[in-house]
Enquirer: 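Structure provided below as structure tokens; questions to follow.
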Amino acid sequence: MTKHTALVSETQTMDAMLRARAARVVPGGMWGHLNAARLPEGYPQFFASAEGCRVRDVDGREYVDFMCSWGPVLLGHRHPVVQAAAEAQAASGDCLNGPGEVMVELAEDFVAMVPHADWAMFQKNGGDATTGCVTIARAGTGRRKVLVARGSYHGALPWCSPSVAGVTTEDRAHLLHFEYNDVESLQAAVNEAGKDLAAILVTAFRHDMGRDLELPTREFAHAARAACDAAAAALIIDEVRTGLRLDTRGSWEALGVRPDLCAWSKAIANGYALAAITGNDRFREAATKVFMTGSFWCGAVAMAASRATLRIARVTDVPGHIRAMGMRLREGLALLASQNGIAIRQSGPPQMPLMLFDADPDAAKGRAFCSAALRHGAFFHPQHNMFLSAAHQAADIDEALEAASHGFKAVLDLNSRAGR
Ligand code: PMP
């Protein structure tokens, strides 16, 4: 494996030069979660290429990728079948005066794949889909209140952005909060909403940044469904991050709970820009009435890529393979941690894992771990759930575990410097 430390001096890297140029022409040098200030030391901000489960930065350093573009890459970067489908569509047209045949085919694919879905409509970003679901739920019920779990991420629009800059109280006037997996607090919020309850909006599992991931309890999932049924409100599942990685039918299908509306994006087109809303017949008329559109929402290339992605995900048990690779990573990390006498916590579904260090309130250990592992060729994240893809094979996981062993050494060094 390439050792990266000696390749380029830190000040002369292409990444550093691009950051300096970006600082002049892009506010803050970069927006949102990708701002350099949020990255562990040594992490690149700029990338040049990717193939399979490997991503290469602008300085030519290659990593086994455990972020998968923060979720969209499900089958591996530049999956040949998806690429061929996208290129074939691009050869005849992408952005036309309206949708192509592929839109109807893709809607048929979603309706066939997702048991709760009687219809589907398409957008570009996850935030388009979550916002659309909320709007359709309000239109369909004629009510205003939407219940969301405290700390859950549903996008960067004013009604749901984690930042309050530029947001008015009115933007969030009709949101009520509950604690994820806490039936009592959900019931309290339902009571508070009373006759004005339009929807309960919930992520497929709890994946708030920097805290242990939590799978939904059966009791919680059924309580959310029952509350919506009792009030004739909409249960909306935000599958933007989870969709197709856990269960191609929908993440709560195994719990026996189906939503009325569901927001999808990220993995559904293996890296091409696409989002989807699926819904049942109760909300068909509302979805017809709400005026929803976007200049690029009919893009045929992403839809062709999505059809190919869905087909592969259905026939090859993608979630099963990714889960097995995630288990191999999890077990390997657990072994390394115990060999080094370091206390860690691993949480979440193996397909979307998170490893946190005990007694690490400011994530200093997590960042030291990631920086050292990065220098040895593995791209992990210290606080956000990671993502595996169908392109990861056992040898890639083992290579990443070798990189992780250097990460654990860095944590030992940090501990000994701090006298821990
Ligand atoms: N919902 C969830 C659960 C997400 O993880 C995200 C994005 N990370 C979104 C919504 C918003 O998606 P987008 O950034 O594509 O608008």
Side-chain angles (χ1 to χ4, degrees), residues 30-35 38-39 66-74 121-137 146-163 167 171-172 175 177-178 180-181 199-211 213-216 221 224 234-247 250-252 259 261-278 292 294-297 299 302 305-306 309 347-349 351-354 381 383-389:
M30 189 56 208
W31 50 81
H33 64 300
L34 297 173
N35 194 288
R38 294 173 186 256
L39 301 174
F66 290 97
M67 287 310 283
C68 295
S69 312
W70 298 71
V73 173
L74 174 76
M121 52 202 295
F122 302 102
Q123 312 78 31
K124 279 290 150 193
N125 287 288
D128 299 334
T130 53
T131 305
C133 284
V134 166
T135 311
I136 291 167
V146 175
L147 274 43
V148 294
R150 205 167 278 111
S152 278
Y153 187 75
H154 296 293
L157 292 106
W159 70 269
C160 57
S161 164
S163 158
V167 172
D171 287 321
R172 300 179 182 192
L175 295 185
H177 293 94
F178 61 89
Y180 199 99
N181 264 344
I200 297 176
L201 167 62
V202 68
T203 54
F205 69 90
R206 185 176 193 171
H207 45 52
D208 310 346
M209 182 99 152
R211 52 163 295 150
L213 307 174
E214 247 182 75
L215 298 177
L235 177 63
I236 306 171
I237 301 187
D238 177 352
E239 290 263 21
V240 169
R241 201 179 301 185
T242 43
L244 299 191
R245 258 197 180 73
L246 306 188
D247 187 327
S251 299
W252 283 18
L261 296 163
C262 187
W264 308 77
S265 185
K266 290 197 185 276
I268 63 171
N270 202 51
Y272 285 86
L274 192 69
I277 298 173
T278 51
M292 293 202 341
S295 298
F296 300 103
W297 287 12
S306 183
T309 305
S347 59
Q351 299 93 316
M352 298 172 63
L354 175 70
H381 199 285
Q383 287 182 294
H384 190 284
N385 74 264
M386 297 182 279
F387 299 89
L388 280 91
S389 77

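All ligand and atom numbering here is 1-based and tracks the order in the structure. Being a predicted model, the structure only gives us computed values, none of them experimental.
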Enquirer: List for me each residue that meets ring pair (Phe, Tyr, Trp, His ring centres under 6.0 Å) alongside Y153, sequence neighbours excluded, and say none if there are none.
Expert: none
Enquirer: Does any N or O in the side chain of R206 come within less than 3.5 Å of the main-chain N or O of G151, such that one atom is a donor and the other an acceptor?
Expert: no
Enquirer: To the nearest 0.5 angstrom, please state how far the OG atom of S152 sits from the NE2 atom of H177.
Expert: 9.0 Å
Enquirer: In a simple table, one pair per line, please give the protein and ligand 1 atom names for every N or O pair closer than 3.5 Å, along with the distance.
Expert:
{"from": "ligand 1", "atom 1": "1 (N)", "to": "Y153", "atom 2": "O", "distance (Å)": "3.4"}
{"from": "ligand 1", "atom 1": "1 (N)", "to": "D238", "atom 2": "OD1", "distance (Å)": "3.3"}
{"from": "ligand 1", "atom 1": "1 (N)", "to": "D238", "atom 2": "OD2", "distance (Å)": "2.7"}
{"from": "ligand 1", "atom 1": "5 (O)", "to": "R241", "atom 2": "NE", "distance (Å)": "2.8"}
{"from": "ligand 1", "atom 1": "5 (O)", "to": "R241", "atom 2": "NH2", "distance (Å)": "3.2"}
{"from": "ligand 1", "atom 1": "8 (N)", "to": "K266", "atom 2": "NZ", "distance (Å)": "3.3"}
{"from": "ligand 1", "atom 1": "15 (O)", "to": "G126", "atom 2": "N", "distance (Å)": "2.8"}
{"from": "ligand 1", "atom 1": "16 (O)", "to": "G126", "atom 2": "N", "distance (Å)": "3.3"}
{"from": "ligand 1", "atom 1": "16 (O)", "to": "G127", "atom 2": "N", "distance (Å)": "2.7"}

Enquirer: For H207, which residues count as a ring pair (Phe, Tyr, Trp, His ring centres under 6.0 Å) partner, sequence neighbours excluded?
Expert: F205
Enquirer: What residues, two or more places apart in sequence or in another chain, satisfy side-chain hydrogen bond (donor to acceptor under 3.5 Å, both in side chains) together with W297?
Expert: none
Enquirer: So F387 and V73, do their side chains get closer than 4.5 Å, heavy atoms only?
Expert: no
